[in-house]
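Computed from a prediction, not measured in an experiment: that's the story for all the values here.
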Amino acid sequence: MREINVGLLGCGTVGTGVARLLLNNRDLIAARLGAALNLKRVADIDITRDRGVRFPEGVLVRDARRLVAEPDIDIVVEMIGGEGIAKELILSAIAGGRHVVTANKALLAAHGNELFRAAASKGVDLYFEASVGGCMPIIKTLRESLVGNRISAMTGILNGTCNYILSKITDEGSTFEDALANAQQEGYAEADPTLDVEGHDTAHKIAILSALAFGMEINLKDIYIEGISRITPLDIEFAGQFGYRIKLLAISKAHAAAVETRVHPTMIPFDNILSNVNGTLNAVTVTGDAAGDILLYGRGAGMMPTASAVVSDLVDLARNLIAGGGPGRLPGLAYQMQNIRRIPVLSIDEISTHYYFRFLALDRPGVLSTVSGILGRHGISIRSVQQKGRKTNGAVPVVMLSHRAREADVRQALAEIGALDVVAARPALIRIEDDKLVD
Ligand code: HSE
């Protein structure tokens, strides 16, 4: 039986999962592939730690650069992470004519355009199913299953850590800090958890998905990013009273000559399917003109779910090699390189949606009319108002829901309201996505 040789760079959590899957399910994979995926070499700085995997003699080595240069490695799997040595090794694997698999969403979001160009000009493939949504086949879905569709929108819960934190606060009354510590113990959080909680990890992922869906260059820098660190239990409680749950959403929509791509905490109705995606789970909905709505739901991180996606890429690449499809059978970013355009991402000021505002206002006659007067002057119409309690520390939370409004107007109005003497703290704003609201 033909053997396809795999070289693995980095044997941390996910790397170990990949090794385990390739070794434990070797016969199963061979029965499906018609060739053996042979874990030829694994490079890691630590080759003595017990990973619970029995590597054949000589497989574990320290020198990653040497692995990349080995002539009989067919596919290099980069599981190191980060943007430094990982990028260097991927570029040198490509230059050496190796196909590459990576789960490195931060690297692809920042340098993907350069890496895909390098792979295309060398005639090798760079696959990355595990970079978004762990085991969920979202890359395959966009690149293959929906290839005949014009995609109009994607909405995703793409960070397990944030979803876990919000679920714990909402359902169990946990504190933010306790919930984050638990997520770190579960091994979901990034090495630097601010990447999770401030929304950057989610932005990396939606930048990649937007490129695949809309035929655009990967554009991370123009995406509006807001994390969950300013969400309070009070906002979560108010959301519940209005029939909403707060989720960190990645939203990407096609406009005529631009895309609207944003990451922020969002109120969604209880009957929105994403409302029921809780704990560390991820989900993404995609809307195509032929398919309608599709939902993928599953484990977005973790050793074996992520390894599952990596092995799927390995088998696809091996099929290109043995079944005659050849490299380039699937364009890396779903569109032929010459058809990938630089499509502008709308500034957050240009979007229009529905809003939740929370003001800490002095409980005095006339305050509400001053606040609503400012909103009215900026063309923001109020749909609902609620005041909670009376004179806690001299001020009370006043919550308003708006009809559809323009973000630029909302920002100006909130700046004016925040500057009022009768408003005690910076106003809070959470965007709402609710299909049932028509205006
Ligand atoms: N830190 C990420 C998460 C891991 O919490 O979902 C997967 O990319």
If you look at every heavy atom in [X] and [Y], which pair is closest and at what distance?
{"X": "M216", "Y": "I343", "answer": "CE-O, 3.6 Å"}
{"X": "I380", "Y": "A413", "answer": "CD1-CB, 3.8 Å"}
{"X": "R98", "Y": "I73", "answer": "CD-O, 2.8 Å"}
{"X": "A179", "Y": "S174", "answer": "CB-CB, 4.5 Å"}
{"X": "A291", "Y": "N149", "answer": "N-OD1, 2.7 Å"}
{"X": "I322", "Y": "L33", "answer": "CD1-O, 3.3 Å"}

Could you state the interatomic distance from [atom1] ([X]) to [atom2] ([Y]), rounded to the nearest 0.5 Å?
{"X": "I139", "Y": "L330", "atom1": "CD1", "atom2": "CG", "answer": "12.0 Å"}
{"X": "I165", "Y": "T280", "atom1": "CD1", "atom2": "OG1", "answer": "11.5 Å"}
{"X": "N5", "Y": "R41", "atom1": "CG", "atom2": "CZ", "answer": "9.0 Å"}
{"X": "N278", "Y": "N163", "atom1": "CG", "atom2": "CG", "answer": "6.0 Å"}
{"X": "T232", "Y": "I430", "atom1": "OG1", "atom2": "CD1", "answer": "7.0 Å"}
{"X": "L21", "Y": "I29", "atom1": "CG", "atom2": "CD1", "answer": "5.5 Å"}

Practice item. Give every residue pair that meets the ring pair (Phe, Tyr, Trp, His ring centres under 6.0 Å) criterion with at least one member in residues 122-146, sequence neighbours excluded. Key: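 Output for this query lists F116-F128.
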
Exercise for review: Assess whether side-chain contact (heavy atoms from CB on, under 4.5 Å) is satisfied between I47 and V61, documenting all intermediate values.
Suggested key: CA-CA 7 Å; I47 60 169; V61 296; 5.7 Å; no

Between [X] and [Y], is any pair of side-chain heavy atoms under 4.5 Å apart?
{"X": "H255", "Y": "L346", "value": "yes"}
{"X": "I382", "Y": "F357", "value": "no"}
{"X": "D293", "Y": "T285", "value": "no"}
{"X": "S131", "Y": "I208", "value": "yes"}
{"X": "V100", "Y": "L115", "value": "no"}
{"X": "K168", "Y": "D178", "value": "no"}
{"X": "M154", "Y": "I138", "value": "no"}
{"X": "D313", "Y": "H99", "value": "no"}

Review point. Can you list the residues that meet the side chain to side chain donor-acceptor pair (under 3.5 Å) rule with N25, with sequence neighbours excluded?
Key: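 Testing N25 for side chain to side chain donor-acceptor pair (under 3.5 Å), a comparison that skips the adjacent residues, returns none.
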
Check your understanding: Sequence neighbours excluded, which residues qualify as side chain to side chain donor-acceptor pair (under 3.5 Å) partners of N282?
Key -> none

Salt-bridge present ([X], [Y]; N to O < 4.0 Å):
{"X": "K253", "Y": "E433", "result": "yes"}
{"X": "R49", "Y": "D44", "result": "no"}
{"X": "R262", "Y": "E407", "result": "no"}
{"X": "D235", "Y": "R358", "result": "yes"}
{"X": "R26", "Y": "E3", "result": "yes"}
{"X": "E70", "Y": "R66", "result": "no"}

Any donor and acceptor pair, going by atom type alone, linking the side chain of [X] with main-chain N or O of [Y] inside 3.5 Å?
{"X": "K247", "Y": "V277", "value": "yes"}
{"X": "E217", "Y": "N219", "value": "no"}
{"X": "D289", "Y": "R150", "value": "yes"}
{"X": "R51", "Y": "C11", "value": "yes"}
{"X": "S402", "Y": "Y355", "value": "yes"}
{"X": "S121", "Y": "A118", "value": "yes"}

Can you establish whether the number of heavy atoms outside [X] located under 6.0 Å from its atom [atom1] is more than 12?
{"X": "I45", "atom1": "CD1", "answer": "no"}
{"X": "D435", "atom1": "CG", "answer": "no"}
{"X": "R299", "atom1": "CZ", "answer": "no"}
{"X": "R329", "atom1": "CZ", "answer": "yes"}

Exercise for review: Measure up the F242 and Y356 rings against each other and bin them: parallel (under 30°), tilted (30 to 60°), perpendicular (over 60°).
Suggested key: perpendicular

Residues 269-276 side chain polar contacts: donor-acceptor under 3.5 Å, at least two apart:
residue: D271; atom: OD1; partner: K436; partner atom: NZ; Å: 3.1
residue: D271; atom: OD2; partner: K436; partner atom: NZ; Å: 3.3
residue: N272; atom: OD1; partner: L274; partner atom: N; Å: 2.8
residue: S275; atom: OG; partner: P269; partner atom: O; Å: 3.0

**Study point:** Any pair counted as side chain to side chain donor-acceptor pair (under 3.5 Å), so long as it reaches residues 198-213, sequence neighbours left out
**Key:** K105-D201, N159-D201, E198-S229, D201-K205, S210-S252

Side-chain donor/acceptor pairs under 3.5 Å, residues 81-93, sequence neighbours excluded:
residue: E83; atom: OE1; partner: H111; partner atom: NE2; Å: 3.2
residue: K87; atom: NZ; partner: E114; partner atom: OE1; Å: 3.0
residue: K87; atom: NZ; partner: E114; partner atom: OE2; Å: 3.4
residue: E88; atom: OE1; partner: R65; partner atom: NH2; Å: 3.1
residue: E88; atom: OE2; partner: R65; partner atom: NE; Å: 2.7
residue: E88; atom: OE2; partner: R65; partner atom: NH2; Å: 3.2

Check your understanding: What's the verdict on side-chain hydrogen bond (donor to acceptor under 3.5 Å, both in side chains) for D196 and Y188, showing C-alpha distance, side-chain angles and the deciding distance?
Key -> CA-CA 9 Å; D196 296 300; Y188 268 67; over 6 Å; no

Review point. Going through the distances and angles, do R404 and H354 end up as a side-chain contact (heavy atoms from CB on, under 4.5 Å)?
Key: CA-CA 5 Å; R404 183 172 288 281; H354 300 87; 3.7 Å; yes

Point to revise | Pair F176-I231, side-chain contact (heavy atoms from CB on, under 4.5 Å): steps then yes or no | key: CA-CA 9 Å; F176 186 95; I231 296 295; over 6 Å; no

**Study point:** Chi angles and distances behind the side-chain contact (heavy atoms from CB on, under 4.5 Å) call for M79, V310
**Key:** CA-CA 10 Å; M79 297 279 113; V310 171; 3.6 Å; yes

